[in-house]
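These notes concern the structure reproduced below.
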Amino acid sequence: MALYALRKLVFFIGAVFVASVAIFLLIRAAGGNVAAIVLGKDATADAINALATAYGLDRPLPVQYFDWILGMLQGDLGQSFRTKEAVADLVVGRLSVSIPLALSGLLLGLIIAIPVGTYAARNVGKPSGAVLALISQIGIAIPVFWAGILLSVLFGVRLGWLPTGGWVDWSDDWVGSIRSLVLPVLSLGLIMAAVLIRYVRSAVLDVMNQDYVRTARAVGMTRTQALLQVGLRNAALPIVTIVGLQIAELIGGTVIIEMVFSLPGLSRMILANVAAREVIVVQSTVMLIIVFVIFVNFVVDLLYGILDPRIRNAA
Amino acid sequence: MTITAPAVSVPKRRRRLDLNASLVVGVVLTIGFLAIAIISFFWLPSNPNIPNIKARMMPPFSPNHWLGTDGLGRDIVAQLMVGARTSILVGAGGASIALVLGTITGLVAAAYGKFADEAISRGADILLSIPGMVTALVLAATMGSGAFTTILALSAFFTPSFTRVIRSAAMGVLQEDFITSAKLYGRGRLFILARHVIPNIAGVMIVQFTLYFAAGILTEAGLSYLGVGVTRPSISWGMMLNEAQQTVGISSPLAIWPGLAIVLVVLGLNLLGDGLRDVLDPKLKRRSA
């Protein structure tokens with residue numbers, strides 16, 4: 001297990017390094033002169049040069065890269081060109097919105113998908129299974145932001161039960177915060193569920209045909225008992241993997257849902273800075289998100305090794 | 001003497017009927033979608049970008065405006081038709097570039113030794129863990145938004161999945177006996193890849209392309225909804241939803257049509273992809289639909 005964990009750790013560090021180089025080069029290569037981008041079309045050459053010198057943008061690229069990455073490692077994410085605010089301060093305030101939203105969305109997706117997917121697998125070839133497969137196909141085709149729009153029309157505008165957008169801070173009125181999160185979480189969770197149902201269904205189908213389930217049935221368990229007692233633990237492996245892969249999707253969904261419901265989360269901050277051409281803010285925030293996703297996948301890999309001895313020993 | 005035909009096994013027939021339903025619905029929806037985009041080049045109800053203040057906010061089923069007009073009096077049908085072009089350009093553009101790059105990298109990983117395989121596969125793993133939406137935001141921040149940026153972002157984040165799928169399909173083919181005989185006959189690696197491997201994995205490539213065409217349309221709609229995708233005078237369904245929300249509120253019918261268009265087209269392409277998978281690759285047992 002230690003060797004397996006070490007291998008995964010090396011991969012984690014390598015992945016973070018490659019991703020950081022990629023993001024850095026993407027911004028520098030695609031963006032060209034950062035100072036010119038920040039100052040806009042009408043800036044004079046003198047102003048551009050002054051800004052470039054002030055922020056060390058005229059240094060060689062490798063120097064700038066290591067300066068940025070070493071700063072990141074020490075918790076210094078850089079600062080905004082215009083407001084001079086530290087990126088770290090900008091980010092922290094936003095997480096109290098984005099993290100609850102993303103986690104509850106994922107959780108809701110799993111709570112729906114695991115029983116429904118299992119049911120669909122047990123009823124494969126029957127009309128009820130086919131209907132569930134069709135519903136999941138339609139759910140996959142619905143853009144998450146449109147689901148958000150429809151839900152807020154129904155529950156916000158027509159029924160008036162919940163706010164259609166906006167945010168109350170946790171410290172002011174936590175009930176209000178939760179009310180603001182219900183519809184966003186619902187939109188995110190339902191769309192996640194549609195995707196996850198397919199994977200849960202195929203994982204359970206695989207497990208149902210395994211020898212150990214047949215053995216469990218042979219010693220007298222009912223189909224349901226066999227599935228719950230031996231099957232589900234084995235189906236957990238592929239499901240954990242998929243959750244890891246879906247984290248990237250989840251973050252994409254969160255970005256959009258925050259816009260639909262005007263929540264002051266991380267993505268609104270990124271978008272505002274994209275519009276303002278605050279390259280450093282975008283670069284550092286995006287890097288943080290990517291590190292988070294790679295970290296989740298690292299944890300998933302470790303879990304996978306713990307759940308299945310065959311995997312850690314094969315490695 | 002008469003030979004009685006063996007009893008037809010019922011489950012098998014039902015399965016085939018089932019598959020055809022997915023394929024038929026997929027083909028119909030997809031052809032409808034392509035046809036609308038093509039027609040839009042020859043005929044539009046009116047110019048989708050020119051405001052007409054007199055005809056603002058016309059309800060659906062108005063004369064000359066079947067689905068009404070938006071807050072600036074622009075015809076909805078015309079905008080939806082031009083939006084179909086954008087979906088095809090960006091979705092198919094992103095998926096095509098990813099198909100080309102993914103085929104090259106996937107084949108190299110499968111056929112050019114352990115080192116190439118390890119480097120390419122690990123690289124693909126890393127790229128797969130980068131959220132595509134976020135990459136697109138970075139590109140929009142530096143290159144400015146637009147159809148070209150969106151295509152670039154899509155292909156960057158689709159390519160690793162193509163690499164993975166094509167690599168594993170190619171590895172399967174490379175173990176076949178006819179590959180060995182081609183090698184013994186003295187054929188070079190490139191010849192074998194081009195003449196034997198690619199034709200045998202074409203089905204996988206087509207399916208993958210179809211499914212990512214759909215994913216590209218969804219992502220493009222999302223980016224344009226956020227305002228970092230395509231911009232006017234191009235029109236995108238996601239952009240229309242954004243404008244509907246900004247200008248007239250979400251409860252108007254304007255927030256319905258573009259969303260419905262996205263769902264139908266993405267559903268059609270996904271059904272088509274699943275249906276094609278069953279037809280083109282009967283060995284692959286369908287589990288995930």
**Message:** Using a 4.5 angstrom heavy-atom cutoff, name the option from Ile138(A), Val18(A), Ile23(A), Val260(A) with the most pairs to chain B.
**Reply:** Val260(A)
**Message:** Tell me which of these, Asn297(A), Ile251(A), Leu271(A), has more heavy-atom pairs under 4.5 Å with chain B than the rest.
**Reply:** Leu271(A)
**Request:** Measure distances from Ile142(A) to the heavy atoms of chain B and classify the residue's part below 4.5 Å as side chain, backbone, both or neither.
**Result:** both
**Asked** Is Asp117(B) salt-bridged to Lys114(B), going by a charged N under 4.0 Å from an acidic O?
**Response** no
**Complete:** Okay, Ala221(B) and chain A: the region with an atom under 4.5 Å from a heavy atom over there is both
**Fill in**
Hits for salt bridge (charged side-chain N to carboxylate O under 4.0 Å, His left out) against Arg164(B), two or more places apart or cross-chain, chain-then-number order -> Asp125(B)
**Prompt:** So do the side chains of Val195(A) and Gln246(A) get within less than 4.5 Å of each other, counting heavy atoms only?
**Reply:** yes
**Message:** Report which part of Leu150(A) has an atom under 4.5 Å of a heavy atom belonging to chain B: side chain, backbone, both, or neither.
**Reply:** side chain
**Message:** Quick check on the interface: out of Leu260(B), Asn242(B), Leu271(B), who has the most heavy-atom pairs with chain A under 4.5 Å?
**Reply:** Leu260(B)
**Proximal component of Tyr199(A), with respect to chain B [non-hydrogen, under 4.5 Å]** = neither
**Request:** Look at Pro258(B), Gly123(B), Gly222(B) and state which one has the largest set of heavy-atom pairs under 4.5 Å with chain A.
**Result:** Gly222(B)
**Prompt:** With a 4.5 Å heavy-atom cut-off, do Ile270(A) and Val255(A) have their side chains touching?
**Reply:** no
**Prompt:** Do Glu243(B) and Arg232(B) sit within salt-bridge range, that is, some charged N less than 4.0 Å from a carboxylate O?
**Reply:** yes
**Interface residue of largest heavy-atom contact number with chain B, from Ile290(A), Ile256(A), Thr285(A), Val144(A), under 4.5 Å** = Ile256(A)
**Request:** Go through Val265(B), Leu264(B), Leu226(B), Val228(B) and name the one with the most non-hydrogen pairs under 4.5 angstrom from chain A.
**Result:** Leu226(B)
**Asked** Quick one: does Pro163(A)'s side chain get under 4.5 Å of Phe261(A)'s, heavy atoms only?
**Response** no
**Request:** Could you tell me whether the side chain of Leu128(B) reaches within less than 4.5 Å of the side chain of Ser161(B), counting heavy atoms only?
**Result:** yes
**Prompt:** In terms of heavy-atom proximity below 4.5 Å to chain A, should Ile217(B) be classed as side chain, backbone, both, or neither?
**Reply:** neither
**Prompt:** Can you say whether the rings of Phe33(B) and Phe213(B) are parallel (under 30°), tilted (30 to 60°) or perpendicular (over 60°)?
**Reply:** tilted
